[in-house]
Amino acid sequence: MNTITYPFLPAGKTILYVTADNPYMQEARAFALAHSLDDAVKTGSVVVKDGTIIGRGANGSDYHKTHICERVRRNIPTGQGYELCEGCSPKNHSEPRAIADAQAQGHDVTGADLYLWGHWWACEPCWNAIMGAGIGNVYLIEGSEYLFNKSDPNNILGKWDQ
């Protein structure tokens, strides 16, 4: 079995995997493609409780259209320095947006699951939001460690029809 080394994973937490045809993952993908403002890494999340999607979120902001990303300018590794760039702020990540969407609609997200499409791990601020909300499990798509990894030559970033 292939062991994945994530840039961040809280102690005692695991990531679960589903196939690309999972209906919740398909909804996260569809939401990312329709609503993400990040053309480089379109990411979408859905929060699912008792078999029902109760929240949706996509990443990005229009900040990078008019401003240079400070993290890119400084060559800061993925997952670090989000506080340096308004466009990269965790408030613009799909996970907290999906949680906030569910809560804004009056849903209790405690024990719900989060399906994340378009990334191969969740950053520390997103894990903090996930754990703080009481989300039970985080699911990624099988193979996400190369499909959505910027440094992997087999990634599909920018090739959204795959």
Side-chain angles (χ1 to χ4, degrees), residues 1-62 78-80 82 87-150 152 154-162:
M1 181 171 183
N2 185 17
T3 301
I4 300 168
T5 302
Y6 304 99
F8 180 80
L9 184 66
K13 293 295 181 182
T14 60
I15 294 176
L16 303 173
Y17 291 87
V18 296
T19 59
D21 62 353
N22 175 283
Y24 304 126
M25 195 58 74
Q26 284 294 304
E27 178 59 25
R29 178 184 186 272
F31 199 80
L33 296 181
H35 299 282
S36 174
L37 297 175
D38 186 335
D39 291 333
V41 183
K42 291 185 178 292
T43 304
S45 294
V46 295
V47 176
V48 178
K49 188 165 185 178
D50 300 324
T52 301
I53 296 173
I54 60 172
R56 293 171 174 81
N59 68 323
S61 77
D62 59 4
T78 187
Q80 299 176 23
Y82 292 129
C88 297
S89 170
K91 71 182 179 186
N92 296 321
H93 294 191
S94 71
E95 302 96 306
R97 284 184 170 176
I99 293 166
D101 179 54
Q103 292 170 330
Q105 295 180 60
H107 296 287
D108 176 9
V109 299
T110 306
D113 296 323
L114 187 136
Y115 290 76
L116 171 59
W117 184 89
H119 217 352
W120 65 282
W121 63 288
C123 68
E124 184 173 2
C126 288
W127 268 110
N128 290 341
I130 290 164
M131 294 183 304
I135 298 288
N137 296 303
V138 174
Y139 291 89
L140 298 177
I141 189 172
E142 290 176 343
S144 60
E145 69 276 12
Y146 65 86
L147 292 172
F148 303 115
N149 187 337
K150 291 178 187 176
D152 193 298
N154 297 312
N155 74 56
I156 63 166
L157 298 173
K159 305 169 202 157
W160 305 118
D161 58 344
Q162 297 183 23

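For clarity, every value in this text was computed on a predicted model and none was experimentally measured. Heads up: numbering here begins at 1 and tracks the sequence.
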Peer 1: Strictly distance-based, threshold 3.5 Å: is any side-chain N or O of R56 a donor or acceptor partner for the main-chain N or O of A98?
Peer 2: no
Peer 1: Between Q26 and A20 (side chain of the first, backbone of the second, donor and acceptor by atom type, cut-off under 3.5 Å), is there such a pair?
Peer 2: yes
Peer 1: Determine whether M131 and K13 make a side-chain contact, defined as any pair of heavy atoms from C-beta on separated by less than 4.5 Å.
Peer 2: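 Sidechains of K13 and M131: in contact.
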Peer 1: Taking atom OH of Y139 and atom CE of M25, what is their separation to the nearest 0.5 Å?
Peer 2: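 The distance works out to 9.5 Å.
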Peer 1: Should P125 and Y82 count as side-chain neighbours, where that means a heavy-atom distance under 4.5 Å?
Peer 2: yes
Peer 1: Look only at the side chain of N59 and the backbone of V41, and say whether a donor-acceptor pair between them is shorter than 3.5 Å.
Peer 2: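 Yes, because the side chain of N59 sits within donor-acceptor range (under 3.5 Å) of the backbone of V41.
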Peer 1: Taking atom types as modelled and ignoring hydrogens, do the side chains of S36 and D38 form a donor-acceptor contact shorter than 3.5 angstrom?
Peer 2: no
Peer 1: With distance as the sole test, does H119 use its side chain to make a donor-acceptor pair with the main-chain N or O of S144 at under 3.5 Å?
Peer 2: no
Peer 1: Report yes if some heavy atom in the side chain of V18 is under 4.5 Å from a heavy atom in the side chain of I141; otherwise report no.
Peer 2: no
Peer 1: What's the spacing between N155 CG and E145 CD if we round to 0.5 Å?
Peer 2: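 CD of E145 is found 12.5 Å from CG of N155.
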Peer 1: Indicate yes or no: at least one non-hydrogen side-chain atom of Y17 is less than 4.5 angstrom from one of I4.
Peer 2: yes
Peer 1: Side-chain contact, heavy-atom cut-off 4.5 Å: V47 with I99?
Peer 2: yes
Peer 1: Tell me whether Y24 contacts the main-chain N or O of L116 through its side chain, where contact means a donor paired with an acceptor under 3.5 Å.
Peer 2: no
Peer 1: Is there a side-chain contact between I15 and L9 (heavy atoms, below 4.5 Å)?
Peer 2: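 The answer is yes; the side chains approach within 4.5 Å.
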Peer 1: Kindly say whether T110 contributes a backbone atom to a donor-acceptor pair with the side chain of K49 at under 3.5 angstrom?
Peer 2: yes
Peer 1: Under a plain distance cut-off of 3.5 Å, with no hydrogens placed, do D50 and T52 share a side-chain donor-acceptor pair?
Peer 2: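 Side chains of T52 and D50: no pair found under 3.5 Å.
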Peer 1: Apply the test ring-ring contact (aromatic ring centres under 6.0 Å, His included) to residues Y146 and W120: give CA-CA distance (whole Å), side-chain angles for both, the deciding distance (0.1 Å), then the verdict.
Peer 2: CA-CA 8 Å; Y146 65 86; W120 65 282; over 10 Å; no
